[in-house]
Amino acid sequence: MKLPTTPGAYQPGNMGVNPRTAGWKSKAPVLDAGKCDQCLKCWIYCPDAAVEVTADKVRFILDYCKGCGICAVECPTAAISMAGV
Ligand code: SF4
Ligand code: SF4
């Protein structure tokens, strides 16, 4: 049976082209920039491409972030905490 294409994450890493898919989350990542050493593990592990890296900082794009907490678990310096939204 061939299933129809869903409107969500039907391809790995495609969430960047789907706007505002995460308004239902109950928690969101918060960065303590003083603890971040730019290792980029959060960017690598985020399943929703919700971590943006600029020249000198990490930022979470909350329109895409689902609040799963993977980034906080994987961060080796405990720079990310999850807070209620
Ligand atoms: S995983 Fe942690 S230390 Fe590494 S870039 Fe992300 S916030 Fe910074
Ligand atoms: S909480 Fe989950 S979806 Fe949000 S930035 Fe972290 S890993 Fe990505």
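Only heavy atoms go into these numbers, but all of them, side chains included; no hydrogens, no water, no symmetry mates.
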Residues that C65 engages under side-chain contact (heavy atoms from CB on, under 4.5 Å), provided they are two or more places apart
K25, P29, A50, L62

Using the side-chain contact (heavy atoms from CB on, under 4.5 Å) criterion, which residues pair with C36? Sequence neighbours excluded.
L31, Q38, V58, A79

Calculate, to the nearest 0.5 Å, the distance between atoms SG and CD1 belonging to C71 and I44 respectively.
13.0 Å

Let me confirm one number: the CD-SG distance from E74 to C46, rounded to the nearest 0.5 Å.
11.5 Å

Please list, chain by chain and in numerical order, all residues satisfying side-chain contact (heavy atoms from CB on, under 4.5 Å) with V30, sequence neighbours excluded.
S81, A83

Non-neighbouring partners of T54 that pass side-chain contact (heavy atoms from CB on, under 4.5 Å), sequence neighbours left out
E52, D56, K57

Are I80 and L40 joined in one hydrophobic group, where the rule is that I, L, V, M, F, W and Y side chains link up if heavy atoms are under 4.5 Å apart?
yes

Can you give me the closest heavy-atom contact between K41 and P76, atom names plus distance?
CD-CD, 4.1 Å

CZ of F60 to SG of C42, rounded to nearest 0.5 Å, is 5.5 Å

Quick one: closest heavy-atom pair of A49 and I61, and the distance?
O-CD1, 4.5 Å

